[in-house]
2 protein chains.
Amino acid sequence: MDGKEQLEKSRERIIETIAQNIHLYGLTPSAGRQYGTMFFHDDPLTLDDMTEELGMSKTSMSTSVRALSDLKLVERAWKRGVRKDLYQVKDDWYQSFIDLFSIKWRRSISLYSTTIRKSLNELNKLAADPSITDDLKLMVERDIEKLRYVQDYYEWLDRLVDAFEDHDIFDLVPRKDDIQEGK
Amino acid sequence: MDGKEQLEKSRERIIETIAQNIHLYGLTPSAGRQYGTMFFHDDPLTLDDMTEELGMSKTSMSTSVRALSDLKLVERAWKRGVRKDLYQVKDDWYQSFIDLFSIKWRRSISLYSTTIRKSLNELNKLAADPSITDDLKLMVERDIEKLRYVQDYYEWLDRLVDAFEDHDIFDLVPRKDDIQEGK
DNA sequence: TTGTTTATACAGTAAAAACTGTACAAACTT
DNA sequence: AAGTTTGTACAGTTTTTACTGTATAAACAA
């Protein structure tokens with residue numbers, strides 16, 4: 001095996017690992033391979049390049065590069081004279097992790113907050129209604145307590161996402177460089 | 001609409017929200033509904049109870065309750081005289097989040113670490129080989145640099161998971177109760 | 001032991017998701 | 001303007017995943 005082949009093998013191994021783990025980002029192995037391919041290319045790639053590299057349809061390349069962009073794992077690049085859209089991986093993996101975390105959870109937090117508030121409102125009214133049985137009232141109060149707990153939890157989660165977005169998390173868990181710098 | 005119905009509606013709304021968001025845990029909406037149902041039941045449920053409540057096959061209940069247990073969202077309960085397996089939701093959502101985080105990422109971190117180490121080993125040998133062209137050597141060195149970066153990133157992620165597991169994260173982002181206590 | 005109850009393995013089916021090829025719209029070129 | 005080039009919407013197909021029903025193993029009861 002010559003050197004070029006060996007380099008290729010080393011890359012393939014990494015790309016396959018990315019493909020096998022990208023489900024944590026809610027993406028398919030194909031999108032992972034696409035990401036991996038871009039990762040090892042120093043120049044940005046066009047959709048046609050990706051079609052060429054991965055042997056998949058251009059339509060597929062288009063949809064999955066959009067999925068990668070939505071999660072901010074990939075960004076568009078510009079190169080004068082090139083009409084095709086160019087894409088490259090974002091090189092700050094720490095920021096990519098934060099973006100993922102934020103995108104995935106914020107939406108969920110917001111949905112929960114809304115429904116919980118709505119249900120709590122109803123239940124509070126119901127609990128105050130004098131015409132209901134004691135039995136029901138007890139059940140309502142238990143539900144209110146549970147929802148308050150969940151509400152607090154999501155409020156915590158929201159602050160957690162803040163801590164990532166504001167990079168406060170690096171105070172608690174510093175990057176390697178920062179440790180060396182005694183930061 | 002009477003009080004009982006209203007309570008039921010409130011619960012259904014929450015359960016549906018759980019179902020719509022549980023994909024963040026890599027689970028299906030059905031598993032989410034199962035979780036939600038258990039959440040509002042104060043007593044632990046059997047597989048037959050769940051079949052009854054959700055109108056799905058017992059086989060399904062069995063597989064998805066296992067998925068919920070694997071992520072530590074649900075645990076087995078014991079009640080004397082009851083032969084059937086009993087399940088209930090774990091009531092500490094903060095801990096559940098930490099468990100999820102840990103289970104999902106540790107595995108990935110470990111896989112990456114192994115493959116990166118393997119590839120770095122090969123590439124370092126290759127870079128030291130005097131018979132390769134300058135051109136190839138440059139590519140090898142660029143790959144080495146990239147992999148070192150990724151290695152550092154995963155080492156950081158590993159420490160991040162530690163910070164969650166060790167509950168250090170609550171120092172940075174305190175629970176609501178702890179704020180009030182001035183902790 | 002034999003009979004009963006309960007959970008799950010497995011094969012088959014139904015539903016969902018990923019992928020492809022064609023068609024077309026938008027942007028650019030001449 | 002007409003002719004290219006490029007990206008994506010959409011319909012159809014393939015592949016994968018979720019779910020069901022039957023069969024069986026394990027645990028318990030008599």
Side-chain angles (χ1 to χ4, degrees), chain A residues 15-16 18-38 41 43-71 73-88 104, chain B residues 15-16 18-38 41 43-71 73-88 104:
Chain A
I15 291 173
E16 213 41 47
I18 297 174
Q20 299 306 319
N21 287 284
I22 201 105
H23 68 269
L24 290 171
Y25 289 69
L27 298 173
T28 61
S30 295
R33 253 168 245 122
Q34 202 172 359
Y35 180 87
T37 304
M38 283 188 259
H41 264 269
D43 299 317
L45 294 180
T46 67
L47 291 180
D48 290 318
D49 294 335
M50 298 175 204
T51 294
E52 173 82 13
E53 288 269 354
L54 298 164
M56 290 179 70
S57 73
K58 197 173 175 180
T59 306
S60 270
M61 294 303 97
S62 173
T63 54
S64 48
V65 91
R66 178 198 288 264
L68 288 165
S69 302
D70 286 348
L71 291 179
L73 288 168
V74 153
E75 65 188 349
R76 290 193 55 174
W78 297 99
K79 212 159 131 186
R80 47 173 275 122
V82 178
R83 265 174 65 190
K84 302 183 183 186
D85 292 357
L86 288 165
Y87 299 93
Q88 64 190 2
K104 292 268 174 199
Chain B
I15 291 173
E16 213 41 47
I18 296 174
Q20 299 306 320
N21 287 283
I22 201 107
H23 67 271
L24 290 170
Y25 289 69
L27 298 173
T28 61
S30 296
R33 252 167 247 121
Q34 204 172 357
Y35 180 86
T37 304
M38 281 189 259
H41 264 268
D43 297 317
L45 295 179
T46 67
L47 291 180
D48 290 318
D49 293 335
M50 299 176 203
T51 294
E52 173 82 12
E53 289 269 355
L54 297 164
M56 289 178 71
S57 73
K58 196 173 176 182
T59 305
S60 270
M61 296 301 98
S62 173
T63 55
S64 47
V65 92
R66 178 200 288 263
L68 288 165
S69 302
D70 285 348
L71 291 179
L73 288 168
V74 153
E75 65 189 348
R76 291 192 54 173
W78 297 99
K79 212 159 132 186
R80 46 172 275 123
V82 178
R83 264 175 65 189
K84 302 183 185 187
D85 292 356
L86 289 164
Y87 298 94
Q88 64 191 3
K104 292 268 175 199

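Letters A, B, ... mirror the listed sequences (proteins, then strands); counts begin at 1.
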Look at all strands and tell whether Ser64(A) reaches a base, only sugar-phosphate, or nothing, counting heavy atoms closer than 4.0 Å.
nothing
Taking all non-hydrogen atoms of both residues, which atom of Ser30(A) and which atom of Met56(A) are closest, and how far apart?
OG-CE, 3.9 Å
Smallest separation among heavy atoms of Tyr25(A) and Leu71(A), with atom names
O-CD1, 3.2 Å
Backbone N or O of Lys58(A) within a donor-acceptor pair of the Ser62(A) side chain at under 3.5 Å?
no
Value in whole Å for how far the [atom2] atom of [N] lies from [atom1] of [X]:
| X | N | atom1 | atom2 | value |
| --- | --- | --- | --- | --- |
| Met61(A) | dT20(C) | CE | C1' | 11 Å |
| Arg66(B) | dA18(D) | CZ | P | 15 Å |
| Met50(A) | dT6(D) | CE | P | 14 Å |
| Leu54(B) | dA18(D) | CG | P | 17 Å |
| Lys58(B) | dA9(C) | NZ | P | 14 Å |
| Met56(B) | dT17(D) | CE | C1' | 13 Å |
| Asp85(B) | dT6(C) | CG | P | 10 Å |
| His23(B) | dA16(C) | NE2 | P | 17 Å |

Among the candidates [options], find the nucleotide nearest to the side-chain atoms of [X].
| X | options | value |
| --- | --- | --- |
| Arg83(A) | dA7(C), dA29(D), dT6(D) | dT6(D) |
| Thr28(B) | dA29(D), dA7(C), dA18(D) | dA18(D) |
| Lys84(B) | dT20(D), dT6(C), dT22(C) | dT6(C) |

Is a donor from one side chain sitting under 3.5 angstrom from an acceptor on the other, for Glu53(B) and Thr37(B)?
no
With a 3.5 Å cut-off and just heavy-atom distances, do the side chain of Thr59(A) and the base of dG21(C) make a donor-acceptor pair?
yes
OP1 or OP2 of dC19(C) versus the side-chain N and O atoms of Ser30(A): is any pair under 4.0 Å?
yes
Examine dC19(C): is either OP1 or OP2 under 4.0 Å from a nitrogen or oxygen in the side chain of Ser60(A)? Give yes or no.
no
Pairwise distance CG(Leu54(A)) to CG(Asp49(A)) - rounded to 0.5 angstrom:
10.5 Å
